[in-house]
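What follows is a single structure, written as structure tokens, with notes after it.
This chain uses plain numbering: 1 for the first residue, then up along the sequence.
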Amino acid sequence: MAGGPCQPEGSALIVTYPFSAVVGLDDLKLALVLNAVSPRVGGVLVRGEKGTAKSTIVRALAAQLPAVKVVPGCRFACDPAVPDAGCPDGPHEPGGQGAERAAALVELPVGASEDRLVGSLDVERALTEGVKAFEPGLLATAHRGVLYVDEVNLLHDHLVDLLLDAAALGTCYVERESVSVRHAARFLLVGTMNPEEGELRPQLLDRFGLTVEVKASRDPEQRAEVVRRRLGFEADAEAFAARWAAEEAALASRIARARARVPEVRLPDARLRQIATVCAAFEVDGLRADLVTANTAIAHAAWRGGDVVTTEDVRAAARLSLPHRRRRDPFDAPGLDEALLDELLARTSEHEDPDDPDDHGDGGPDGPGPDGPKGTPTSAPDGSDGSDGSDGADGADGADGPAPSTHDAGPRAEGAGPRPAGEGPMPRSDGEGPAPRSDGEAPVPRADGGQRVAGVAAPYRVPLLEVPGVGEGAAGRRSRSRTAHGRATGSRRPGGRVRDLHVTATLLAAAPHQARRGRAGPGLVLRGDDLREVLREGREGNLVLFVVDASGSMAARRRMTAVKTAVLSLLLDAYQRRDKVGMVTFHGAGAQVALPPTSSVEAGAARLRSLPTGGRTPLAAGLTRAAEVLRVERLRDPARRPLLVLVTDGRATSGGDVDRAAALLEGTATVVVDCEGGPVRLGLAVRLASRMRARLVSLDSLADLSSVVHDHRKAV
């Protein structure tokens with residue numbers, strides 16, 4: 001029986017877009033279905049550009065999950081057949097009567113608090129009844145359902161940590177404000193993100209079982225079909241859903257059968273050796289990749305109707321579980337060399353024991369080979385013949401569900417394979433400039449539209465550059481900040497409206513006065529002066545705006561490679577500290593915003609690699625454009641403090657009055673990186689730093705900025 005989205009009693013039925021009606025996105029469909037078949041797969045991270053139906057397909061899947069039976073009145077969705085022994089609403093008697101309801105679809109908003117996610121002390125009952133009670137969070141609501149996090153890369157890091165820990169353990173632990181609670185939290189975790197808005201930290205990226213890159217089809221026929229179906233759904237949602245009801249019912253039934261088959265699927269040693277070989281060859285860190293790949297292969301075998309994992313199951317699993325775990329530079333996009341994957345699988349298959357019955361065939365009830373019963377493709381969710389099959393991730397007909405896991409199914413993922421030991425970073429797959437060499441030397445510059453494009457050497461670690469003072473910006477890892485999501489350091493009387501109540505301190509402040517206030521019942525008698533709010537201390541992310549001199553004077557002394565490497569190193573630091581970044585370049589006739597402020601540091605690295613040089617030096621124009629960018633960003637995000645990094649030799653051969661332009665940046669924390677070199681130095685950057693009341697550091701000493709880190713007092 002297929003469940004639908006969780007609906008409040010008495011509410012109007014909300015019709016979701018049918019899963020089977022989504023055009024293309026076959027890899028994503030397969031990844032979602034495999035997680036629905038086996039929660040051990042570990043969730044799905046969907047990376048893709050905006051407007052690619054990421055949210056639509058996730059919500060559609062929830063409607064196809066089998067309904068669940070729950071203990072009546074249990075806020076933690078306990079299974080009446082096997083109730084959670086530690087359920088806070090328990091104990092429940094096993095085998096009791098259960099109520100059937102749809103699998104829950106819970107959406108976690110980006111601005112959610114930690115209390116909303118994991119639960120907390122029930123403040124209302126504590127204040128009115130004087131009892132200690134637990135109020136469940138979204139993790140409890142999502143138990144045995146789907147937890148969907150849109151824009152997961154914008155979620156605060158500490159919330160992502162809590163979320164992924166619960167997903168990995170299947171249990172939520174709450175230890176806070178005199179509350180100690182443990183409850184089951186097993187759910188299908190799905191996160192979506194647009195890489196243009198920033199990346200997840202690598203250790204968090206690894207916690208998602210599978211990842212899928214989605215892109216809109218460039219085929220006019222497919223795009224027209226997407227619009228045609230969407231218009232039909234918007235015109236009459238119920239009629240549109242009715243036309244797809246048969247396919248949806250078949251999909252829900254197949255998911256239920258595959259779920260029941262999972263415990264019976266065997267993973268032969270030969271297939272396990274293949275998984276270990278592939279993970280080792282791609283140099284993934286740790287053993288989580290091996291476990292996820294094995295669980296995904298088992299789920300894929302159950303999905304196609306087999307009872308023994310085959311090489312095709314291993315290949316399908318590796319394509320989804322390894323791209324985001326491949327060892328890579330921080331600015332490289334996830335990818336997998338599928339030609340190498342095929343070679344590894346073929347090589348391991350050649351060395352199988354011919355006498356080992358586990359090394360051959362499927363052995364399942366649907367017969368041997370990659371096809372299921374009656375030649376059905378292994379990944380077609382509705383059991384159709386796949387004659388209208390799709391071409392890769394942008395297939396022509398989404399009605400056929402996830403793509404068959406054959407060697408030629410779907411486009412090959414971008415990105416290079418693993419690096420052999422001892423070699424430097426692999427060449428970039430996006431064509432945005434040469435890759436750094438392992439010996440630290442820059443590649444030979446290439447011509448680009450008549451201008452020279454300098455190479456980039458390997459980045460290096462730079463010390464922390466802070467904005468002085470204490471801010472109140474978005475959570476990050478650069479400058480000191482008063483933030484709502486930092487660690488609690490104490491309590492205080494509120495100066496106005498209470499934004500973050502410190503429950504324990506409030507109760508302690510009220511407790512000594514209860515007898516004098518005439519308390520007679522179980523509830524506390526509170527007054528306004530009893531209220532306390534939490535004092536929190538954390539760190540914030542800043543807007544790091546790079547203003548880069550790309551004029552001919554920089555290239556003439558062959559300093560542009562060192563400049564690009566320095567800026568790339570600072571970009572890497574900004575990536576790790578969760579900053580927004582922007583880039584203004586000036587050369588030739590004026591200044592350009594090479595990168596508008598964004599959370600995607602990868603985009604900054606790509607623009608930097610392809611940055612051409614040459615022409616005159618319009619320094620004033622660069623400073624003026626930087627001031628304009630900062631002015632606009634203050635209106636958009638007034639709490640985020642900027643840090644200006646000006647990379648120049650101080651020359652100004654065109655572009656107006658430098659002094660007047662520098663005055664526009666007064667009050668902005670600034671670091672001037674002096675790129676002047678050679679035996680004869682004019683000291684122009686030194687004078688510029690003094691004029692801007694900024695800190696000066698030479699390009700050659702950028703890797704040793706320990707004396708610069710905290711000394712920005714003159715910059716504000």
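Residues satisfying the side-chain hydrogen bond (donor to acceptor under 3.5 Å, both in side chains) criterion with Lys54, sequence neighbours excluded, are absent altogether.
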Carefully, step by step, assess Glu151 and Thr192 under the rule side chain to side chain contact (heavy atoms under 4.5 Å, CB included). CA-CA 5 Å; Glu151 305 295 350; Thr192 60; 5.7 Å; no

Checking Thr296 against Ser321 for the side-chain hydrogen bond (donor to acceptor under 3.5 Å, both in side chains) test, could you report, in this order, the C-alpha distance in whole Å, the side-chain angles of both residues, the deciding distance, and whether it holds? CA-CA 8 Å; Thr296 306; Ser321 64; 5.4 Å; no

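Aromatic rings of His183 and Phe76 (six-membered ring for Trp) have centroids within the 6.0 Å cut-off, being under it.
Looking at heavy atoms from C-beta onward, Val214 lies out of side-chain contact with Arg47 at the 4.5 angstrom threshold. Considering only heavy atoms from C-beta on, Val44 comes within 4.5 Å of Val46 through its side chain.
Across all non-hydrogen atoms, the minimal contact from Asn295 to Val41 is O-CG2, 4.1 Å.
Atoms CD and CG, on Glu213 and Leu320 in that order, are 12.5 Å from each other to the nearest 0.5 Å. Between the NE2 atom in His143 and the CG atom in Leu138 there is a gap of 15.0 Å [rounded to 0.5 Å].
Using a cut-off of 4.0 Å between Lys/Arg side-chain N and Asp/Glu carboxylate O, Arg636 and Glu633 are scored as salt-bridged. Salt-bridge check for Arg59 with Glu107: passed, with a basic side-chain N closer than 4.0 Å to an acidic carboxylate O.
The number of heavy atoms from other shown groups lying within 6.0 Å of CZ (Arg230) is above 12.
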